Amino acid sequence: MVKKAWRTAGVFLLCMALLGYMTPPQAAAGAEQTRQMEYLKRGVVAVKTADGVFVSWRFLGTDPKDTAFNVYRNGVKLNEAPMTGGTNLLDEAGANDSTYTVCPVLNGKEKKQCEDAQVWDMNYLDVPLVKPADGTNPDGTVYTYSANDASVGDLDGDGEYEIVLKWDPSNSKDNAHNGITGEVFVDAYELDGTQLWRIGLGRNIRAGAHYTQFMVYDLDGDGKAEVAMKTADGTTDASGNVIGDPDADYRNPWGRILDGPEYLTIFDGQTGTELVTTEYDPPRGPLSEMKQVWGDDYGNRVDRFLATIAYLDGKRPSLVMARGYYTRTVLVAYNWRDGELTKLWKFDSAEPGLEGYSGQGNHNLSVADVDEDGKDEIIYGAMALDHNGKGLYTTGLGHGDAMHLGDLDPARPGLEVFQVHEPRSSLYGAEFRDADTGEAIWGVFTGRDTGRGMSADIDPRYLGEEVWASAGVGLYTSNGTKLSDTTPSSINFGIWWDGDLLRELLDHNWSGSSGIGKIDKWDYENQTTVNLLTATGTLSNNWTKGNPSLQADLLGDWREEAIWRTEDSSALRIYTTTAPTDYRIYTLMHDPVYRLGIAWQNVAYNQPPHPSFYLGEGMETPPKPDLYVIAPAEAEDELE
């Protein structure tokens, strides 16, 4: 299939404009901040249920708001008039062998952008995996592999997502623990299970949640996503090309890797081959200076990595790689353009005058345009950086394990952050602040390591998201009103799953090192949870964190899908909702904050994504995303 490139982008955008599907960026209001985002098809999904077949599809960010839809079963139209409400329907007469087609209608004319879907027998799709072979530890014992964190991107430019998956060996380690680990592998798969490639990171990249943060995004604007991650001597790309010295082994007797070169590599997303490799910045430095610079001399704090994607110029995405947050904190931004990797800026809390930014990072981060200048800022826990790499603010409240950024309180202007903090001496163990200024709006002193915190609209009686945390923090409204000492038992992830605007709770029934995935709903009247889905045959990731491999709006309408690994890691299982809804919302993957949340979701302690607007009971109509797309050449014909 021939793919769209920059030379045909202008023709495509003009066609879209003439048909009313979007405004070309050069003519749009505020065009200087119009973002390039990924071209997506409708993502039509059809699922057999006890009541018929549930059909769901995307309302794209490039669609005019008055776009309607026709739906066909085996060529017969199901709706009398074009559908202008929710982008889903229940076909009571549908069968397992039915084929469904969804076509957009604009100004009374049906367009050629029709897409077909076959019926799933269940409310999930299994994506078969090629599991790596077992390995042998130095003592002769065997370690195995399980499917771990995943991300998505359009690797081949066809408007459909592929999955990029990290394989975790059973001997992976947290940074605090010694021990040699098995090799980390990163794979790419089509949704039918076709394996596109495998990258082996080699013996000089340690396995664990804090070491490999892989970014999947279209960095150069050709309509196809690249994959970026930290590499080392012995990393092997999908074509067999070895980066650096293939024989180098820098593991010390405790399994730590505190010597040898470190690299940053951009890989071609379609083929898994190396595009460019450069030195990783910042380097760890000499072992003799490690304790002074990073806080210890055995490799705990120095090997804490984060990464994200941010639109630092408001137009196109940049890659941001980071090292450290307990003490020294360093972030470096890059552009990948026209086959060249260039460094934009470097922020280092060790520089004079920036000492207040040390020790303020989280095990996670978030990205949004918090100061409304059209360009993204990076919220790095209790500190934030402006789009130009300059310090925006630091709260001084210290490191934390969980954080949420979005329009959590729609009664206030701008965006808010809800964060928990680890230092026992912190003024607030749980804090609700202004995302732009860092000013605390309210908070709760805990005097303890407050290790978990969650934000979601779970009670329709109060405008805005409710928040709760561990360490005895109760349930609060977004304005700081305490509702109860009783909180949901789940404090890990939220997911939009059923037909209302409230967010459900995604977690696991934890036992040992993992648990069966589940989705619950908070019964706010009786202050308890009601189970909506138990994903029998699946397992969660990352111990008590209870993470799915990925949660995102991957298919169908604006509700979210959850991906868990099967018990034996022979497949990734994608669950989708079958609950009808009348609410029409643009696909969340075309929202600038939510889409970047999917890109950084796999980083360290995974956190759920939030959109740039308030999505909950009492919400206003979301704004139309300000974006343009790069699409396959054949899409031009579909627009006639």
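These numbers come from a predicted model, not from an experiment.
With hydrogens and angles disregarded, a donor-acceptor distance shorter than 3.5 Å links the side chain of Asp154 to the backbone of Gly159. Side chain of Glu504 to main chain of Trp496: no donor-acceptor pair is present (N/O by atom type, distance under 3.5 Å, no hydrogens or angles). Checked by atom type and distance alone, the side chain of Ser366 never pairs as donor or acceptor with a backbone atom of Leu405 at under 3.5 Å. Side-chain atoms of Tyr614 come within 3.5 Å of backbone atoms of Glu617 as a donor-acceptor pair (strictly under, hydrogens ignored). Side-chain atoms of Glu416 do not come within 3.5 Å of backbone N or O of Ala435 as any donor-acceptor pair. Asp523 contributes no side-chain N or O that, together with a main-chain N or O of Val530, makes up a donor-acceptor pair within less than 3.5 Å. A donor-acceptor pair under 3.5 Å is formed between the side chain of Asp63 and the backbone N or O of Leu60. In this structure a side-chain-to-backbone donor-acceptor pair under 3.5 Å is present from Thr581 to Gly499. For Ser540 (side chain) and Pro548 (main-chain N/O), no donor-acceptor pair under 3.5 Å exists by modelled atom type. Formation of a donor-acceptor pair under 3.5 Å by the Asp500 side chain with backbone atoms of Leu502 is found in this model.
For Asp498, the salt bridge (charged side-chain N to carboxylate O under 4.0 Å, His left out) partners two or more places apart in sequence, or in a different chain, are Lys521. Not counting sequence neighbours, the partners of Thr577 by the side chain to side chain contact (heavy atoms under 4.5 Å, CB included) test are Trp497, Arg559, Ala579. Residues meeting the salt bridge (charged side-chain N to carboxylate O under 4.0 Å, His left out) test with Lys166, sequence neighbours left out: none. Applying the salt bridge (charged side-chain N to carboxylate O under 4.0 Å, His left out) rule to Asp436 yields no partners; only residues at least two apart in sequence or on another chain are considered. Applying the side chain to side chain contact (heavy atoms under 4.5 Å, CB included) test to Ala93 and every residue at least two apart in sequence or in another chain returns Arg73, Asp91. Residues passing the side chain to side chain contact (heavy atoms under 4.5 Å, CB included) test with Tyr428 are Leu397, Glu431, Ala440, sequence neighbours excluded.
For residues 581-604, the pairs satisfying salt bridge (charged side-chain N to carboxylate O under 4.0 Å, His left out) are Glu38-Arg595, with sequence neighbours left out. Pairs passing the ring pair (Phe, Tyr, Trp, His ring centres under 6.0 Å) check and including a residue from residues 451-495, sequence neighbours excluded, read Trp442-Tyr476. Pairs of residues two or more places apart, or lying in two chains, never qualify as salt bridge (charged side-chain N to carboxylate O under 4.0 Å, His left out) while including a residue from residues 524-551. Within the structure, salt bridge (charged side-chain N to carboxylate O under 4.0 Å, His left out) pairs that include any residue of residues 456-472 comprise Asp459-Arg461 (at least two apart or interchain). Applying the side-chain hydrogen bond (donor to acceptor under 3.5 Å, both in side chains) test to residues at least two apart or on different chains, the pairs with a partner in residues 43-57 are Ser56-Asp557. Evaluation of the salt bridge (charged side-chain N to carboxylate O under 4.0 Å, His left out) test over residues 468-492, restricted to residues two or more places apart or in two chains, returns Lys482-Asp485.
The closest side-chain donor-acceptor pair between Ser490 and Asn492, if any, does not fall under 3.5 angstrom. Side-chain polar atoms of Asn148 and Ser549 form no donor-acceptor pair below 3.5 angstrom. Side-chain N/O atoms of Asn542 and Asn547 include a donor and acceptor closer than 3.5 Å. Counting only N and O atoms by type, the side chains of Thr587 and Asp553 include a donor and acceptor under 3.5 Å apart. Remark: the Arg433 side chain and the Tyr393 side chain contain an N/O donor-acceptor pair separated by less than 3.5 Å. Glu567 and Thr538 share no donor-acceptor pair across their side chains, judged by distance under 3.5 Å alone. Judged purely by distance below 3.5 Å, without hydrogens or angles, the side chains of Tyr325 and His363 pair a donor atom with an acceptor atom. A donor-acceptor contact closer than 3.5 angstrom links the side chains of Thr477 and Asn479.
Residues Val55 and Val44 are in side-chain contact: their nearest non-hydrogen atoms beyond the backbone lie under 4.5 Å apart. Side-chain contact check for Tyr594 versus Glu560: some heavy-atom pair is nearer than 4.5 Å. Side-chain contact between Gln527 and Pro488 is absent, with no heavy atoms from C-beta onward closer than 4.5 Å. Side-chain contact between Gln551 and Ile563 is absent, with no heavy atoms from C-beta onward closer than 4.5 Å. At least one side-chain heavy atom of Leu505 sits less than 4.5 Å from a side-chain heavy atom of Thr529. Within the 4.5 Å cutoff, the side chain of Asn364 has no heavy atoms near those of the Leu306 side chain. A heavy-atom distance below 4.5 Å is not found between the side chains of Leu550 and Asp149. Put simply, the side chain of Pro609 reaches to within 4.5 Å of the side chain of Gln601, judged on heavy atoms.
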Would you sort out whether Val45 and Trp120 count as a side chain to side chain contact (heavy atoms under 4.5 Å, CB included), showing the intermediate values?
CA-CA 8 Å; Val45 61; Trp120 297 5; 3.7 Å; yes

Check against side chain to side chain contact (heavy atoms under 4.5 Å, CB included), Val105 and Phe69
CA-CA 5 Å; Val105 179; Phe69 296 94; 5.8 Å; no

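When all heavy atoms of Ala469 and Thr450 are compared, the closest pair comes out as CB-CG2, 4.0 Å. Considering every non-hydrogen atom in both Pro592 and Arg35, the closest pair reads CB-NH1, 3.8 Å. Considering all non-hydrogen atoms of both residues, Ile309 and Ala599 come closest at CG1-CB, 4.1 Å. Across His508 and Trp543, no two heavy atoms sit closer than the pair CE1-O, 3.2 Å. In plain terms, the two heavy atoms of Gln360 and Thr394 that are nearest each other are CG-OG1, 3.4 Å. Val53 and Gly94 make their closest contact through CG2-C, 3.5 Å (heavy atoms, listed as atom of the first residue, atom of the second, distance).
Taking the six-membered ring for Trp and the full ring otherwise, the centers of Trp564 and Tyr575 sit less than 6.0 Å from each other. No close placement of the His399 and His421 rings is indicated, their centers lying 6.0 Å or farther apart. Aromatic ring centres of Tyr311 and His387 lie farther apart than the 6.0 Å criterion allows.
Salt bridge status for Lys624 with Asp626: absent, with no side-chain N to carboxylate O gap under 4.0 Å. In summary, Asp174 and Arg304 engage in a salt bridge, as defined by a charged side-chain N under 4.0 Å from a carboxylate O. Under the 4.0 Å criterion applied to side-chain N and carboxylate O atoms, Arg412 and Asp434 are assigned as salt-bridge partners.
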